[in-house]
Amino acid sequence: LFDEARLVYEKFVDITQNTELTHRIVESYYRCGEIGKALMICKSLRGEHGPIPYISQIEAAIDNEIGDLSEARKVYEEYLKKFPDDFDIKLELAVLNLRCDNLDAVDEFLKSRFDIDSLSFENSTKIAHLFGQRGLVKKYIEILYETRRKFFDNNQAHRIYIGAILNNENEEWLECPTRVAADTVVWIEDQSGETQHHIIENRKDADMRLNELCIDHSLCQKLLGESVGDTISYTSPVSEEIRKISKIENKYIYAFQESLNRFNQLFPDNPGLWGISLGKGEQDAISPEGYKKIKDLVIKNSNRNKNISEYYQNRKLTVGAVANLIQKNVFYIWSDLIKSSDLGIYCTGGSAEERNHASSLIKTNVKLIIDPISLATITELKAVNLIIDNFGKLGVAQSTVDTIQNAIMEQKGIRSKSFLSLEKGDENVIPHEVSPKLVQRTLEKFEEMLSWVRTNCEIVHVKQPST
């Protein structure tokens, strides 16, 4: 659609003018992948007319995509001088500062006031991510809880919330409460054994349709401070009603469990999260049917990975392609490959002509650009100083830095705990434990790599696409 639109606009739009039609052709170029043309028009318009809403956003978005973060910062800062109250751009600048490790600026932004109810889903998750990355876990979870509440029909709201709780489940404030208070879920039982639950909220917009009770509600006032086993009573027109408190939960954990239990029911066509009903066998062990489900899944994944490995071994896939197919960070794939005596890291030496041409280029005054696999390899071989001594400061793409930072975030999240991976054996499923100590060593390796890159490399951006 956008490709067809830009062909029509090209026939009559004057791209030197700041008009709605110019904005439309810029968006069409951007959406259909002709970012070189879109960027050229954006820069021209900004030079002639100054910062322009939406046009500046597209320009900065392209700068971010090609890794030219200094130019993206320039666009944001110029824009905010003219439109200082634009929260969306302030947020984008804060995200940029996080990518650039400008943490003081991120912290300063997070001190500003904002209305979570007015934010879009995308902006809610972005600002939550900033709080999470700066170690403000409670605020991070609170914002994601509100986002899940507001965008309950969005599967991503549930997936992100589930991941956040899994990554931070050991936080003390997430522990099971012993008394009814704000931010708890209380289950009460009547004399016939029927139960119902209430989410105790200290908010003016508590919605009883969502089983929320405002803390000022008369029933809530009776419940506050009570414990499991305590009873409350109230008088109806015909009798005195007695209710017993049967369970008290943390509302954030309750929401996590609800999302986890209902995800496949709410979003049956979404492949991002699967639940498996295992059943119970003797002495509460997994039922034979449940074990078979696990075994079948492990075998399916094992066969898929085996096929991918064979393609890699036959030189038909790159390490990056393997990472994309298995959906793992490329550094994890690299680590798995070097541990395998059958696989390892393959590289091509090229033809004699190609080698001679490469050698001639290296002898000239050019900057070498290092990719993620080469970076990981020379780090493992402890050859980084040798490379620097011979070729000087290396260039590295911003996307490589982002990949390292993502690996660090994963190691600090759910991977920071001891966990089991399941592997296919000859006849059975074999659990393989990954200890916290091993995870910590991997984290330290990634952090050392990032520190080395920031000290010894120049972050470069993709050359502006031709127009």
Checklist entry - When rounded to the nearest 0.5 angstrom, what is the spacing between CD1 in Ile52 and CZ in Arg46? => result 10.0 Å
Checklist entry - Which distance, rounded to the nearest 0.5 Å, do you find between the CD1 of Ile116 and the CZ of Arg149? => result 12.0 Å
Checklist entry - Would you call the rings of His158 and Phe263 parallel, tilted or perpendicular if under 30° counts as parallel and over 60° as perpendicular? => result perpendicular
Item to check | Contact check, side chains of Glu71 and Leu39, non-hydrogen atoms, under 4.5 Å | outcome: no
Item to check | CA sep, side-chain torsions, deciding dist, call: Ser70, Asp68, side chain to side chain donor-acceptor pair (under 3.5 Å) | outcome: CA-CA 6 Å; Ser70 60; Asp68 194 351; 3.2 Å; yes
Checklist entry - Is the side chain of Thr377 donor-acceptor paired with the backbone N or O of Ile373 at a distance under 3.5 Å, no angle test? => result yes
Checklist entry - Looking at Ile459 and Ala397, what are the two nearest heavy atoms and their distance? => result CG2-C, 4.5 Å
Checklist entry - What are the two closest non-hydrogen atoms of Leu130 and Val95, and how far apart are they? => result CD2-CA, 4.2 Å
Checklist entry - At their closest point, which heavy atom of Cys32 faces which heavy atom of Arg6, and how far apart are they? => result SG-CG, 4.2 Å
Checklist entry - Just by distance, do the side chain of Gln221 and the backbone of Ile215 share a donor-acceptor pair under 3.5 Å? => result yes
Checklist entry - To the nearest 0.5 Å, what is the distance between CG (Asn329) and CD1 (Ile408)? => result 10.0 Å
What side-chain donor-acceptor pairs closer than 3.5 Å can you find for residues 134-141, not counting sequence neighbours?
residue, atom, partner, partner atom, Å
Arg134, NE, Asp107, OD1, 2.7
Arg134, NH2, Asp107, OD2, 3.1
Lys138, NZ, Glu142, OE2, 2.7

Checklist entry - For the side chain of Ser335 and the backbone of Phe331, is there at least one donor-acceptor N/O pair under 3.5 Å apart? => result no
Checklist entry - With a 4.5 Å heavy-atom cut-off, do Leu394 and Leu375 have their side chains touching? => result no
Checklist entry - Ser259 and Arg148: which non-hydrogen atoms are nearest, and at how many Å? => result OG-NE, 2.7 Å
Next on the checklist: Strictly below 4.0 Å, N to O, side chains only: are Glu226 and Arg243 in salt-bridge contact?
Outcome noted: no
Item to check | Distance, nearest 0.5 Å, that separates OG of Ser374 from CH2 of Trp334 | outcome: 11.0 Å
Item to check | Side-chain touch Lys328/Val322, heavy atoms, less than 4.5 angstrom | outcome: no
Next on the checklist: For Gly193, is there any backbone N or O sitting under 3.5 Å from a side-chain donor or acceptor partner on Lys244?
Outcome noted: no
Checklist entry - What residue pairs, at least two apart or across chains, pass side-chain hydrogen bond (donor to acceptor under 3.5 Å, both in side chains) with a residue in residues 111-124? => result Asp88-Asn123
Next on the checklist: With a sphere of 6.0 Å drawn around NZ of Lys82, does it hold more than 12 non-hydrogen atoms of other residues, nucleotides or ligands?
Outcome noted: yes
Checklist entry - Hey, are the side chains of Arg73 and Leu93 touching, using non-hydrogen atoms and a 4.5 Å cut-off? => result yes
Next on the checklist: I'd like to check Gln133 versus Gln405 (side-chain heavy atoms, cut-off strictly below 4.5 Å). Are they in contact?
Outcome noted: no
Next on the checklist: Atom NZ of residue position Lys74 - does it have more than 12 heavy atoms of other residues, nucleotides or ligands inside 6.0 Å?
Outcome noted: no
Item to check | Under 3.5 Å donor-acceptor, Tyr252 side chain and Asp183 backbone | outcome: no
Next on the checklist: Is a donor from one side chain sitting under 3.5 angstrom from an acceptor on the other, for Asp402 and Gln398?
Outcome noted: yes
Checklist entry - So with a 6.0 Å cut-off around NZ of Lys150, is the heavy-atom count from everything else above 12? => result yes
Item to check | Between CD1 on residue Ile333 and OG1 on residue Thr318, distance to nearest 0.5 Å | outcome: 11.0 Å
Next on the checklist: Taking Lys222 first and then Glu241, would you say they form a salt bridge - that is, a charged N and a carboxylate O separated by under 4.0 Å?
Outcome noted: no
Item to check | Ion pair check, Glu20 and Arg24, cut-off under 4.0 Å | outcome: yes
Next on the checklist: Between Glu212 and Asp207 (side chain of the first, backbone of the second, donor and acceptor by atom type, cut-off under 3.5 Å), is there such a pair?
Outcome noted: yes
Checklist entry - Is there a side-chain contact between Phe256 and Ile162, using heavy atoms and a 4.5 Å cut-off? => result yes
Item to check | Ser451 side chain to Glu447 backbone, donor-acceptor under 3.5 Å | outcome: no
Checklist entry - Taking C-beta and beyond as the side chain, do Ile370 and Thr400 meet within less than 4.5 Å on heavy atoms? => result no
Checklist outcome for this item: Rounding to 0.5 Å, atoms OH (Tyr332) and CG (Leu337) come to a distance of 15.0 Å
Checklist outcome for this item: Of all heavy-atom pairs linking Asn154 and Phe267, the shortest is C-CZ, 4.0 Å
Checklist entry - Is it true that a side-chain atom of Lys251 and a backbone atom of Glu201 form a donor plus acceptor pair closer than 3.5 Å? => result no
Next on the checklist: Do Thr178 and Ile248 have side chains that approach each other closer than 4.5 Å (heavy atoms only, starting at C-beta)?
Outcome noted: no
Next on the checklist: Just to verify, which of Ile143, Leu91, Leu98 counts as forming a side-chain contact (heavy atoms from CB on, under 4.5 Å) with Lys126?
Outcome noted: Leu91
Checklist entry - Phe131 and Phe109: aromatic ring centres closer than 6.0 Å? => result no
Item to check | Taking every non-hydrogen atom, the tightest pair across Ser246 and Ile188 | outcome: OG-N, 4.3 Å
Next on the checklist: My understanding is that only residues two or more places apart in sequence, or in another chain, count here; which of them pass side chain to side chain donor-acceptor pair (under 3.5 Å) with Asp230?
Outcome noted: none
Checklist outcome for this item: Across all chains, not counting sequence neighbours, the salt bridge (Lys or Arg N to Asp or Glu O under 4.0 Å) partners of Glu444 are none
Item to check | Partners meeting ring-ring contact (aromatic ring centres under 6.0 Å, His included) with Tyr79 (sequence neighbours left out) | outcome: Phe83
Item to check | Glu189 bridged to Lys247 by N-O distance under 4.0 Å | outcome: no
Item to check | Contacts of type ring-ring contact (aromatic ring centres under 6.0 Å, His included), residue Phe114, not counting sequence neighbours | outcome: none
Checklist entry - Under 3.5 Å, side chain of Asp86 to main-chain N/O of Leu80, donor-acceptor pair present? => result no
